[in-house]
Amino acid sequence: MECKVKWTGNGMSFVAETGSNHAVVMDGAPEAGGRNLAPRPMELLLAGTGGCTAFDVVLILRKGRHAVTGCEVSLQAERAETEPRVFTHIHFHFRVSGKQLKPEAVARAIELSKDKYCSASIMLGKTAEITHDFEIVDA
């Protein structure tokens with residue numbers, strides 16, 4: 001895996017070009033010289049973690065032949081007050097939709113992602129306390 005990040009030359013905006021040929025713009029907060037034109041790098045780290053675990057949960061439920069129709073993950077993160085301002089706590093709230101989904105199947109999918117498959121959350125778990133909960137929407 002590879003990625004190249006280049007400063008745009010304006011304020012604190014950067015463009016990341018991924019090895020899969022996609023681009024993502026990042027910007028800093030105005031108090032740090034940014035212009036608030038794009039997500040902060042740490043926001044993208046959090047978003048990537050949410051995407052990683054949501055991917056796992058959907059895949060695990062599908063492989064188990066559960067009728068999953070939707071999956072949303074809301075993440076709330078706290079950061080250290082001093083440098084380095086690492087994440088110290090992240091709470092994941094899953095909202096999983098489907099037909100007659102069993103709570104134990106959803107809980108198992110979340111646990112497998114947390115403990116085995118989601119590289120992003122497992123890495124962040126080295127500095128942050130990670131908690132989860134979920135709700136099921138019959139759809």
Side-chain angles (χ1 to χ4, degrees):
M1 187 177 294
E2 55 188 62
C3 184
K4 179 171 71 174
V5 178
K6 184 177 179 181
W7 180 44
T8 65
N10 290 322
M12 292 303 287
S13 293
F14 296 82
V15 176
E17 295 177 21
T18 68
S20 59
N21 295 316
H22 296 281
V24 178
V25 177
M26 298 172 278
D27 197 11
E31 59 271 14
R35 296 185 302 158
N36 201 29
L37 298 174
R40 314 288 186 265
M42 289 297 284
E43 290 175 324
L44 289 177
L45 183 60
L46 193 61
T49 303
C52 184
T53 192
F55 181 97
D56 292 341
V57 169
V58 170
L59 188 62
I60 291 164
L61 289 171
R62 281 184 168 176
K63 282 185 175 182
R65 301 190 190 276
H66 299 281
V68 61
T69 59
C71 181
E72 298 175 12
V73 185
S74 300
L75 296 92
Q76 296 290 323
E78 296 172 16
R79 294 178 66 188
E81 294 292 323
T82 58
E83 302 296 337
R85 296 203 50 231
V86 298
F87 290 123
T88 57
H89 181 263
I90 305 170
H91 180 73
F92 295 70
H93 176 74
F94 292 82
R95 183 180 167 99
V96 183
S97 305
K99 296 187 185 328
Q100 300 177 335
L101 292 175
K102 294 183 170 81
E104 52 276 0
V106 173
R108 180 179 171 274
I110 292 168
E111 287 299 312
L112 282 169
S113 177
K114 177 180 80 77
D115 294 337
K116 185 174 183 180
Y117 295 112
C118 182
S119 305
S121 65
I122 291 168
M123 280 191 295
L124 290 176
K126 303 294 183 186
T127 64
E129 174 191 7
I130 296 184
T131 57
H132 299 81
D133 65 13
F134 68 91
E135 62 182 290
I136 296 174
V137 177
D138 196 30

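Residue numbers run from 1 in the order of the sequence given. Model, not experiment: these values are computed from the prediction.
Pairs passing the side-chain hydrogen bond (donor to acceptor under 3.5 Å, both in side chains) check and including a residue from residues 39-50, sequence neighbours excluded, read N36-R40. Applying the salt bridge (charged side-chain N to carboxylate O under 4.0 Å, His left out) definition to pairs two or more places apart or across chains, none involves residues 51-69. Each side-chain hydrogen bond (donor to acceptor under 3.5 Å, both in side chains) pair with one or both residues in residues 8-19, not counting sequence neighbours, appears once here: S13-D27, T18-S20. Residue pairs meeting the side-chain hydrogen bond (donor to acceptor under 3.5 Å, both in side chains) criterion with at least one member in residues 72-85, sequence neighbours excluded, do not occur.
Hydrophobic clustering (side-chain heavy atoms under 4.5 Å, transitive across Ile, Leu, Val, Met, Phe, Trp, Tyr) groups L75 together with V57. Note on V137 and F134: separate hydrophobic clusters, where clusters join Ile, Leu, Val, Met, Phe, Trp and Tyr whose side-chain heavy atoms are under 4.5 Å apart, directly or indirectly.
Between the side chains of S113 and T53, at least one donor-acceptor pair of N or O atoms lies under 3.5 Å.
Through chains of ILVMFWY side-chain contacts below 4.5 Å, I60 is grouped with L112, Y117. Other residues sharing a hydrophobic cluster with L44 under the 4.5 Å side-chain heavy-atom criterion for ILVMFWY residues are V5, W7, M12, F14, V24, M26. Residue L59 shares its hydrophobic cluster (ILVMFWY side chains chained together at separations under 4.5 Å) with F55. In this structure, V25 shares a hydrophobic cluster with V15, the cluster being traced through Ile, Leu, Val, Met, Phe, Trp and Tyr side chains under 4.5 angstrom apart.
One distance of note links CD of E2 with NZ of K4; it measures 10.0 Å at 0.5 Å rounding.
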Using distance only, find each side-chain donor-acceptor pair of residues 95-108 under 3.5 Å and give its atom names and separation, not counting sequence neighbours.
residue : atom : partner : partner atom : Å
R95     : NH1  : E135    : OE1          : 3.2
K99     : NZ   : A139    : O            : 3.4

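Listed by chain and residue number, F92, F94, I110, K114, I130 satisfy the side chain to side chain contact (heavy atoms under 4.5 Å, CB included) test with H132 (two or more places apart in sequence, or in another chain). For D133, the side chain to side chain contact (heavy atoms under 4.5 Å, CB included) partners two or more places apart in sequence, or in a different chain, are H91, H93.
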task: For L124 and I90, run side-chain contact (heavy atoms from CB on, under 4.5 Å): C-alpha distance rounded to whole Å, both residues' side-chain angles, the deciding distance at 0.1 Å, then the answer.
output: CA-CA 9 Å; L124 290 176; I90 305 170; 3.8 Å; yes
